[in-house]
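Let me begin by presenting the structure, written as structure tokens, before commenting on it.
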Amino acid sequence: MNFIASLAVQAIKELYQVEIEESAVNIQETRKEFDGQVTVVTFPFTRYSKKSPEQTGSEIGDYLVAHASEISSYNVIKGFLNLSLTDEFWLQALHEELLKPDFEDIPKNGKRVMIEYSSPNTNKPLHLGHVRNNLLGFSVAAILEAAGYEIIKANLVNDRGIHICKSMLAWEKFGNGETPESTGLKGDKLVGNYYVRFDKEYKKEVEALIASGKSEEEAKKEAPLMLEAQEMLRKWEAGDHQVIHLWKQMNAWVYKGFEETYEKMGIAFDKVYYESDTYLLGKDIIEEGLSKGVFFKKQDNSVWIDLTADGLDEKLVLRGDGTSVYITQDLGTAQLKYDDYHMDNSIYVVGNEQDYHFKVLFLILKKLGKSWAEGLYHLSYGMVDLPSGKMKSREGTVVDADDLMAEMVETAKQRTEELGKVDDFSEQEKEVLYEMIGLGALKYFLLKVEPKKRLLFDPNESIDFQGHTGPFVQYTHARIKSVLSKGAYHEEPFDVQPAGLEASERELIKELVKFKSVIVSAANDYSPAIIANYVYEIAKLYNKFYHEVAILKAEDVRLKEFRLNLSAATAKVISKGMGLLGIQVPERM
RNA sequence: GCCUCGGUAGCUCAGUUGGAUAGAGCAACGGUUUUCUAAACCGUGGGUCAGGGGUUCGAAUCCCUUCCGGGGUACCA
């Protein structure tokens with residue numbers, strides 16, 4: 001569509017003797033209710049023409065039609081110049097953009113980007129909040145890869161700390177030697193139960209202490225369980241054999257559980273970092289900052305940075321006793337990641353509750369003069385809330401990831417059986433299909449919403465399978481595949497030039513040829529939602545086309561061939577687009 | 001208090017660097033199948049784009065301000 005902008009620039013120059021930038025030409029899609037496909041907004045040009053918007057539009061319109069064979073006609077409504085492009089133009093675009101085997105390839109741009117996501121704690125199973133994080137990370141990685149980046153998918157596992165000790169301690173005290181094998185529980189679930197158990201017992205102790213006259217603050221600090229957990233953390237840091245053994249064993253249970261969940265979810269990583277390996281990093285960066293005068297020391301030896309000039313606060317970066325805080329570790333880990341991969345960009349997929357933390361982290365790295373700090377980006381997303389409010393693992397008010405996925409698959413099964421279209425499938429084929437649809441519905445539901453928006457999930461209201469949903473798009477794909485197979489379609493060079501395009505065909509082509517630019521803008525915005533909405537639009541337009549024109553029973557063979565090709569191109573875009581969301585599409589459903 | 005992100009139809013969401021009469025889905029109502037998959041299609045109703053001001057040919061979009069909601073503002077992570 002670029003030729004229209006440059007031609008418009010030419011027109012302004014010749015008609016009104018004014019030189020303008022191409023970017024000053026506002027081009028948009030023509031709204032449905034008007035004739036044409038592309039619209040140039042001509043209001044801004046009236047200052048050059050010194051004429052009415054209508055007259056200006058006509059003059060430019062005449063010029064464009066005279067100078068571009070692709071433009072067949074125009075109409076002017078107020079300051080809008082609506083252009084109709086020839087059918088040949090659209091067919092050509094379809095041909096060039098979509099009917100090649102490597103149609104979706106965007107050349108590599110030579111840039112490397114790391115995307116860190118998931119980053120679970122090993123004291124509890126994954127819940128719906130993690131699901132959003134995982135799907136976002138995986139999808140953004142796929143989108144960036146499609147846009148030409150080299151991708152490293154990283155996971156930073158939070159495998160140590162006081163919260164891990166809490167579940168360890170509770171298991172030691174109340175577990176009676178339970179194991180995943182002895183209980184039949186998934187490892188992460190088993191460990192999660194003890195995390196909840198700790199909280200329960202701890203609260204009892206606190207209440208007892210309060211009853212005996214302590215203040216709430218004192219009680220929370222002095223409860224024996226808390227003291228024991230802290231002692232356990234000290235032993236862990238000292239390398240105590242028994243504690244380390246227990247830690248390794250319980251983490252191993254959790255990892256096995258996570259693996260199952262990740263596999264079901266269909267996500268994976270190229271590199272896993274463990275906080276137990278990285279938590280001591282960052283101290284040399286503190287030294288560096290002190291010597292550069294970026295940080296300063298207080299009387300108690302604690303180290304700070306003053307960010308008040310940047311509108312933030314003073315921030316502690318190292319405790320007075322020399323131990324790390326969260327940001328110390330993150331400073332060190334950021335350096336480690338860069339040393340490992342020398343990437344151009346590094347993306348952190350982390351909830352918006354940590355917006356401030358990342359703002360500070362990136363700012364500190366810039367102040368330290370790290371050349372790579374410019375490439376850091378916090379992909380912040382909104383929390384997933386229940387109607388009752390926030391999910392809290394400790395209180396057990398969470399939507400469990402495994403349960404949710406299983407429910408979705410079950411619903412998909414019921415739906416599919418009711419419709420009875422795949423009764424001839426083998427049991428195994430059915431299982432595969434149910435998973436594809438159930439997970440497709442879930443993933444689409446979570447990804448179609450702009451990441452930064454908060455998401456409300458009502459467990460009592462099931463996720464839809466109709467309308468603006470994953471299954472709708474999947475269904476459209478299956479429908480196309482069915483037509484293609486009945487039409488004995490096989491990919492081959494096509495040169496069919498139908499006498500004239502139907503409106504529904506033109507609309508579909510117009511949307512299809514946007515595919516690559518949509519990938520690019522989704523990559524620039526780190527937004528799977530853009531892909532999700534685009535793919536939905538494609539599916540809708542295809543269904544309209546499908547209902548309005550006959551494909552297999554087209555008037556003549558050439559027309560049928562063309563429509564089969566158009567269908568095949570649509571299927572490719574749907575399949576590839578859904579793939580960018582981590583959603584598979586079936587041949588039949 | 002300060003910082004930050006949200007607020008668009010009953011509900012869930014789209015809405016490009018400011019552009020035409022603000023769009024989808026769900027829910028409601030009505031229609032479409034002897035014809036390529038009805039998980040579909042077509043139609044009807046439904047709006048103070050949170051409120052107010054400003055910038056301009058033009059504002060859901062940019063600026064200011066008020067209100068409502070989330071999050072942050074820890075020697076927690």
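The chains referred to below are lettered A, B, ... by the order of the sequence lines, with proteins before strands, and numbering in each begins at 1.
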Look at the aromatic rings of [X] and [Y] and report parallel, tilted or perpendicular, splitting at 30° and 60°.
| X | Y | value |
| --- | --- | --- |
| A:Phe457 | A:Phe445 | perpendicular |
| A:Tyr542 | A:Tyr546 | tilted |
| A:His357 | A:Tyr326 | parallel |
| A:Phe362 | A:Phe358 | tilted |

Does [X] stack onto the base of [N], taking stacking as ring centres under 5.5 Å apart and planes under 30° apart?
| X | N | value |
| --- | --- | --- |
| A:Phe34 | B:rA20 | yes |
| A:Phe43 | B:rG19 | yes |
| A:Phe80 | B:rA20 | yes |

In Watson-Crick or G-U wobble terms, both distances under 3.5 Å, what is the partner of [N]?
| N | answer |
| --- | --- |
| B:rA40 | B:rU32 |
| B:rC67 | B:rG7 |
| B:rU17 | none |
| B:rU12 | B:rA24 |
| B:rC2 | B:rG72 |

Taking OP1 and OP2 of [N], is either one under 4.0 Å from a side-chain nitrogen or oxygen of [X]?
| X | N | answer |
| --- | --- | --- |
| A:Lys540 | B:rC41 | no |
| A:Arg31 | B:rG23 | yes |
| A:Lys452 | B:rG6 | yes |
| A:Arg479 | B:rC41 | no |
| A:Lys514 | B:rU16 | no |
| A:Lys453 | B:rU12 | no |

Please work out if [X] contacts a base, only the sugar-phosphate, or nothing of the nucleic acid, heavy-atom cut-off 4.0 Å.
| X | result |
| --- | --- |
| A:Asn82 | base |
| A:Met589 | base |
| A:Thr416 | base |
| A:Gly161 | nothing |
| A:Val325 | sugar-phosphate |
| A:Glu275 | sugar-phosphate |
| A:Pro44 | base |
| A:Leu455 | sugar-phosphate |
| A:Ala529 | nothing |

[X] [atom1] to [Y] [atom2] distance, which is reported to the nearest 0.5 Å:
| X | Y | atom1 | atom2 | result |
| --- | --- | --- | --- | --- |
| A:Leu447 | A:Ile531 | CG | CD1 | 10.5 Å |
| A:Ile60 | A:Gln55 | CD1 | CD | 11.5 Å |
| A:Leu156 | A:Thr278 | CG | OG1 | 5.5 Å |
| A:Ile437 | A:Lys413 | CD1 | NZ | 13.0 Å |

(request) Under 4.0 Å from any atom of RNA chain B, heavy atoms only: list the residues of residues 542-556 of chain A that qualify, in numerical order. (result) A:Asn543, A:Lys544, A:Tyr546, A:His547, A:Val549, A:Ala550, A:Ile551, A:Leu552, A:Lys553
Distance between the [atom1] atoms of [N] and [M], in whole angstroms?
| N | M | atom1 | result |
| --- | --- | --- | --- |
| B:rA50 | B:rG70 | C1' | 16 Å |
| B:rU8 | B:rC49 | C1' | 4 Å |
| B:rC3 | B:rA27 | C1' | 40 Å |
| B:rC64 | B:rU73 | P | 25 Å |
| B:rA20 | B:rC11 | P | 26 Å |

Closest nucleotide among [options] to the [X] side chain:
| X | options | answer |
| --- | --- | --- |
| A:Tyr536 | B:rG25, B:rG72, B:rC36 | B:rG25 |
| A:Phe472 | B:rA40, B:rA20, B:rU37 | B:rA40 |
| A:Asn352 | B:rU37, B:rA14, B:rG71 | B:rG71 |
| A:Arg319 | B:rC3, B:rC36, B:rC75 | B:rC75 |
| A:Asp355 | B:rU4, B:rG19, B:rU21 | B:rU4 |
| A:Ile77 | B:rA20, B:rA38, B:rA14 | B:rA20 |
| A:Lys359 | B:rC26, B:rC36, B:rU4 | B:rU4 |

Between [N] atom [atom2] and [X] atom [atom1], what is the distance in whole Å?
| X | N | atom1 | atom2 | result |
| --- | --- | --- | --- | --- |
| A:Lys50 | B:rC57 | NZ | P | 14 Å |
| A:Glu29 | B:rA20 | CD | P | 13 Å |
| A:Glu314 | B:rU73 | CD | P | 16 Å |
| A:Asn26 | B:rU16 | CG | P | 12 Å |
| A:Leu447 | B:rC13 | CG | P | 14 Å |
| A:Ile437 | B:rU37 | CD1 | C1' | 13 Å |
| A:Arg415 | B:rU37 | CZ | P | 20 Å |
| A:Arg132 | B:rG70 | CZ | P | 17 Å |

(message) For A:Asn158 and A:Arg588, find the nucleotide of RNA chain B closest to each by heavy atoms; which residue's nucleotide sits nearer the 5' end?
(response) A:Arg588
(request) Starting from the 5' end of RNA chain B, give me the residue, A:Ser324 or A:Thr476, whose nearest nucleotide shows up first. (result) A:Thr476
(request) Taking the side chain as every heavy atom from C-beta outward, state whether A:Gln230 and A:Ile162 have any pair of such atoms under 4.5 Å apart. (result) yes
(request) Would you check if the side chain of A:Lys50 reaches a backbone N or O of A:Tyr16 as a donor-acceptor pair within less than 3.5 Å? (result) no
(request) Examine distances only and state if a side-chain atom of A:Trp247 and a backbone atom of A:Asp159 form a donor-acceptor pair shorter than 3.5 Å. (result) yes
(message) Let's test your reading of the model: under 3.5 Å, does the base of B:rA20 pair with the side chain of A:Thr39 as donor and acceptor?
(response) yes
(request) Report yes if a donor N or O on one partner sits less than 3.5 Å from an acceptor N or O on the other, where the partners are the side chain of A:Asp313 and the base of B:rA74; otherwise report no. (result) no
(message) Applying the side-chain contact (heavy atoms from CB on, under 4.5 Å) criterion to A:Phe258, which one of A:Val157, A:Asn155, A:Asp188 satisfies it?
(response) A:Asp188
